[in-house]
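Only one structure is covered here, and it is reproduced in the block below.
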Amino acid sequence: MSNTQTGSPGVPEKPSLDGLEERWASTWEHDGTYRFDPSATRAEVFSIDTPPPTVSGSLHMGSVFGYVQTDAIARYRRMRGWKLFYPMGWDDNGLPTERRVQTYFGVTCDPSLPYDPDFALPNEPGKDDIPVSRPNFIELCERLTAEDEQAFEELWRHIGLSVDWQRTYATIGDHARRTSQRMFLRNLARGEAYSSEAPTMWDVDYQTAVAQAEMEDKELPGAYHRLRFDDIEIETTRPELVAACVALVAHPDDERYADRFGMTVHTPLFGVEVPVLPHRLAEPDKGTGIAMICTFGDVTDIIWWRELNLPTRSIILRNGRIAETPPPGVPDGEAWRAIAGRTVKQAQRAMVEMLAASGEMDGDPRPITHAVKFYERGDRPLEIVTSRQWFIRNGGRDEDLRRRLLERATELDWHPTYMKVRYDDWVNGLNGDWLVSRQRFFGVPFPIWYPLGPEGEPDHDSPLVPDEGRLPVDPTTDAPEGYTEEQRGKPGGFVGDPDVMDTWATSSVTPQIVCGWKEDPDLFAATFPMDLRPQGPEIIRTWLFATLLRSHLEHDVVPWKHTTINGWILDPDRKKMSKSKGNVVTPMSLLEEFGSDAVRYWACNGRPGTDTALDTGVMKIGRRLAIKMLNASKFALGRLGEEAAPGLDAVHDALDVALLAELAKLVEGATAAHEGFDYARALELTEGFFWSFCDDYVELVKTRAYGEGSGEGAESARATLAIALSALQRLFAPFLPFVAEEVWSWWQEGSVHTAPWPTVAEVGPHAGAEPTVLDVAAEVLGAVRRVKTEHKRSMRARVATLTVTAPRAILLDVDAAVGDIVDAAGVDNFVTEEGEALSVAVELEED
RNA sequence: GGGCGCUUAGCUCAGCUGGUUAGAGCGCAGCCUUCACACGGCUGAGGUCGUGGGUUCGAGUCCCGCAGCGCCCACCA
């Protein structure tokens, strides 16, 4: 900085927060303040695995909250001397983007089409969607998301994230696709990934398989129907599945059915003979204690079907309708015709009518409310259909792997620690391997082809894989090695795997993407395993777990040292904050209203892991704090004069020593808090010190420091002010980076954000001093103020006589600061008396 | 059904390993045009720390039960 040309401190006449964001953001970018040093070694680096925000729509305050907290951590570490590796990604891969692109451009993805390098959108949107190949579709996705990503980056810069903006990535970009496919191929080669034809949860609207992590329960009204299978009555909420029934099951110890095990009964309406079987998962106190097993009504059905080796009678198609033709063994009679081709709901109605008419339903359906599984974005309950899918082993079916993944998580430092329970709960609750294939278009394709037999039938057991050097590939438009495009779909040729990976299958390799795994060995060695994974609590089961899993499988290591789990933003509408009159609270509007530092102050007040209300009141306080920084710095620096402030050697006065002792405690406390990732505590401590510094210390010494007098007293005060100010500006820098940089620039070289973090050693031998002089002086000053206020007098009113009564020890402290007290309080005649407790008598002069 | 977190002044929240009269800010009331700051300063009034027990010389702070709120997990016939 060269704003000190005149030799005097560059303190502006009227300091202001206006425009600080633009000015300093561009200076930081220009100077490369936050650029990663590629020559850094692992021991010097602090690397952060930043969550890539979803690029659809706009960022909301919840994101701002978490990212700012992480930035405060990053800034602290940088000042402590770490070389920060702090990249930023954009999650533009997945269903939300896919849907936006479809409607925005009026296209649909048809993976069977070849890539058209000359594809151009028509000028006028047509009536029907234009079918495009998957590579063309991805190009459109990238085109649309590029704009959003720019807007996101601007917002992040505006709020002062100290990210290295030369290191950004997109989860749909070549680099991320390559990394994701490479990792998958390695999982495949080691047998950790496999494909299998199996019943899986299926969304009938999106027509894709869904993983356990993407499901959520919804409470729905339903009804118990009591149905008769010969003389045995069962209860079911899904009478439409009677045609899919393959057995009845009761608990092995249930005496009511003990003599029926091994025998058969007939299904109502269809008369299909099904066995009665024992299984430990049947619960005697549910319904009549005996359940109908269908292929497939719920997850338990799958377990029973698998463990009891039952036949398959699937009746629900992928579009959510009942099949036209009945499954094997089910007669194509009147009952079947009544449900064939119907939706699940229609079929249920028809079944209930028929069952009531035939007398095979006992009584009316009894309405209940029960939890039903949904895809988290879906509108209708998930069905279970059988299809070929890709899986990655995650411990869901393997006790040993599960145990090792639980152990891995103990190698990670969780902040706060109790969040780890969510991980443990999740891993312990896994009921199957991770289903990673999706029957969608926009995403990372599986780098897999299948050879076709003489009849054109695909051989799923001998997939063709590309050389890693070819990645990324799209098997719907690229041909496997040894084949030509002409052989696609021909007998003896090949066919590409049509599916794409689950979005988490790519997100789970963010450490490998950013650290340059297999592409930049030096970078990888310097940054991986990473130091910090910050993220939200709701994605512990997805992002955190999946990332840990893949690092475990590939590198046999936990991917980070620490994880910080941020809290949740409480919607102010749910609280009774008045409904804003049509004003949508976007991050930018709040940033413009209060300033970035103020919004950051609010975010940094949220304790790690603690839910926090969106509270503009807190932002106001942050703004006030930032303004106070400007004014206090201006005051302290503006009077330091032409020459540089005196140094530590000049500090003699007891009051000054006391302040530095207090400062040492602050530095110690704030540093310890930061080390424990408790940025909020560090901020609280710093803020508390700062206000009493302004209100008491500065008031007490202003006459001595800047008055007519000079000499040792003045030197001591000026030295103390300079030392404290320098430390405070740095202590605030992680939280209020703009105003801190501004005030720092008035008198220091370089950026405050690369300045060394304050240390106790900076206050020298005063660190251990007793700070009581300051406390006593502040108390006496406060007492005088109280009297002036009570008498409705100005703070400038003179005090004719000030009498301080106190025990001897305290009087010594008073004496040590008497000059400052007299000046600050405006005292003409000062008297001390020895007494029991500290008391102050004030005699004001007449007006 | 299991688990985690929260419950402290009207509001938003601090209170670390238990220790003298429980803290901050906002809001509220009053005062001060003060020479860094009216986008301000000073002063003040507000709390039986959700509830019932227990441990202890002493509990907001530890233990047990209960309730309310929020979240996570669960094979939900």
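Each chain gets a letter, A, B and so on, in the order its sequence line appears, and its residues count up from 1.
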A:Glu538 and A:Trp543 side chains, donor-acceptor separation under 3.5 Å: no
Most 5' of A:Cys694 and A:Gly782 on RNA chain B, judged by nearest nucleotide: A:Cys694
I want to verify a distance call: between B:C32, B:A36, B:C76, whose nearest atom is closest to the A:Lys373 side chain? B:C76
5'-most by nearest nucleotide on RNA chain B - A:Asp217 or A:Gly609: A:Gly609
Between A:Asp254 and A:Arg260, is there a side-chain N and carboxylate O pair less than 4.0 Å apart? no
Taking atom C1' in both B:U12 and B:G18, what distance in whole Å separates the two? 27 Å
Is there a Watson-Crick or G-U wobble partner for B:G1 with both distances under 3.5 Å, and which nucleotide is it? B:C73
Look at the side-chain N and O atoms of A:Lys286 and state whether any lies under 4.0 Å from the OP1 or OP2 oxygen of B:A77. yes
Interatomic distance where CG belongs to A:Leu281 and P belongs to B:G1 [whole Å]: 20 Å
Would you mind classifying the nucleic acid contact of A:Arg786 as base, sugar-phosphate or nothing, using non-hydrogen atoms under 4.0 angstrom? sugar-phosphate
Whole-Å distance between B:C13 P and A:Glu687 CD? 16 Å
Choose from B:C39, B:A77, B:C72 the nucleotide whose nearest atom is closest to any side-chain atom of A:Ile627. B:C39
Specify the glycosidic conformation (syn or anti) of B:G46, with syn defined as within 90° of 0. syn
Between the side chain of A:Gln535 and the main-chain N/O of A:Ile539, is any donor-acceptor distance below 3.5 Å? yes
Minimum-distance nucleotide (side-chain atoms of A:Glu283 versus B:A36, B:C73, B:A77): B:A77
Using atom CG of A:Leu781 as one end and atom C1' of B:C32 as the other, report the distance to the nearest whole Å. 15 Å
Write down the distance separating the C1' atoms in B:A9 and B:G23, rounded off to the nearest Å. 10 Å
Counting only Watson-Crick or G-U wobble pairs whose two distances fall under 3.5 Å, which nucleotide matches B:U48? none
A:Lys628 to A:Phe690 six-membered ring, cation-pi geometry met (6.0 Å, 45°): no
Looking only at atom C1', what distance separates B:G47 and B:C31, rounded to whole Å? 26 Å
Take atom P in B:G52 and the same atom in B:A59, then report the distance between them in whole Å. 15 Å
When rounded to whole Å, the CD1 to P distance for the pair A:Ile621 and B:G41 reads 12 Å
Between B:G15 and B:U61, how many Å separate the two C1' atoms, rounded to a whole number? 9 Å
Donor-acceptor pair between A:His251 and A:Glu283 side chains, under 3.5 angstrom: no
Can you name the atoms? Protein N/O to nucleotides 14-22 of chain B N/O, anything below 3.5 Å, with the distance.
from  : atom 1 : to       : atom 2 : distance (Å)
B:A14 : O2'    : A:Glu684 : OE1    : 2.9
B:A14 : O2'    : A:Glu684 : OE2    : 2.5

Give the intermediate values and the outcome of side-chain contact (heavy atoms from CB on, under 4.5 Å) for residues A:Ile316 and A:Leu241. CA-CA 9 Å; A:Ile316 297 178; A:Leu241 292 179; 3.7 Å; yes
A:Val421, nearest nucleotide to its side chain (from B:A77, B:C13, B:C4): B:C4
Applying a 4.0 Å non-hydrogen cut-off, can you work out what A:Trp304 is touching in the nucleic acid: base, sugar-phosphate, or nothing? base
It should be established whether A:Arg541 places a side-chain nitrogen or oxygen under 4.0 Å from OP1 or OP2 of nucleotide B:C73. yes
Ranking B:C73, B:G40, B:U43 by distance to the side chain of A:Arg785, first place goes to B:U43
Whole Å only: how far is the CZ atom of A:Arg238 from the P atom of B:A77? 12 Å
Checking A:Leu308, A:Ile293, A:Val246 against A:Leu277 for side-chain contact (heavy atoms from CB on, under 4.5 Å), the one that qualifies is A:Leu308
Can you tell me if the side-chain N/O atoms of A:Lys628 get under 4.0 Å from OP1 or OP2 in B:G41? yes
Sidechain N-carboxylate O distance under 4.0 Å for A:Asp597, A:Arg623: no
Can you tell me how far P of B:C32 sits from CE of A:Met795, to the nearest Å? 10 Å
Using atom CZ of A:Arg280 as one end and atom C1' of B:A77 as the other, report the distance to the nearest whole Å. 16 Å
Of the options B:A36, B:G41, B:C76, whose atoms approach the side-chain atoms of A:His370 most closely? B:C76
Candidate nucleotides B:C13, B:A38, B:A36, ranked by approach to the side chain of A:Val698 - the nearest: B:A36
Cation-pi check, A:Arg624 to A:Trp691: give yes when NZ or CZ is under 6.0 Å from the six-membered ring centre and within 45° of the ring axis, no otherwise. yes
Atom-pair distance (CD1 on A:Ile540; P on B:C71), nearest Å: 15 Å
Distance, C1' atom - from B:G54 to B:G41, rounded to whole angstrom: 50 Å
My understanding is that a pair needs two contacts under 3.5 Å, Watson-Crick or G-U wobble. By that rule, which nucleotide pairs with B:A36? none
Looking at B:C73, B:A77, B:A38, which one has an atom nearest to any side-chain atom of A:Asp425? B:C73
When you measure from the side-chain N and O atoms of A:Arg422 to the phosphate of B:G3, is any distance below 4.0 Å, counting only OP1 and OP2? no
Check whether the side chains of A:Tyr601 and A:Glu687 place a donor and an acceptor atom closer than 3.5 Å, and report yes or no. yes
For A:Gly617, which contact category applies under a 4.0 Å heavy-atom criterion: base, sugar-phosphate, or nothing? nothing
Say you pick atom P in B:G5 and the same atom in B:C75; how far apart are they, in whole Å? 23 Å
Identify whether any heavy atom of A:Thr300 sits under 4.0 Å from a base atom; if not, whether one sits that close to sugar-phosphate; answer base, sugar-phosphate or nothing. sugar-phosphate
At 4.0 Å (heavy atoms only), tell me whether A:Glu699 reaches a base, stays on the sugar-phosphate, or touches nothing. base
Is it true that A:Ser633 and A:Trp746 share a donor-acceptor pair across their side chains at a distance under 3.5 Å? no
Using the ring pair (Phe, Tyr, Trp, His ring centres under 6.0 Å) rule, pick out the option among A:Phe594, A:Phe735, A:Phe65 that qualifies with A:Trp602. A:Phe65
Same-atom distance (P) from B:U34 to B:C42, integer angstrom: 15 Å
Report the base-pairing partner of B:G10 (Watson-Crick or G-U wobble, both distances below 3.5 angstrom), or none. B:C26
NA contact type, A:Ala680, heavy-atom cut-off 4.0 Å: base, sugar-phosphate, or nothing? nothing
Measure from the side-chain heavy atoms of A:Arg624 and tell me the nearest of B:A77, B:G25, B:C42. B:G25
Nearest of B:C71, B:C42, B:C35 to any side-chain atom of A:Asp695? B:C42
By the Watson-Crick or G-U definition, both distances under 3.5 Å, B:C16 is matched with none
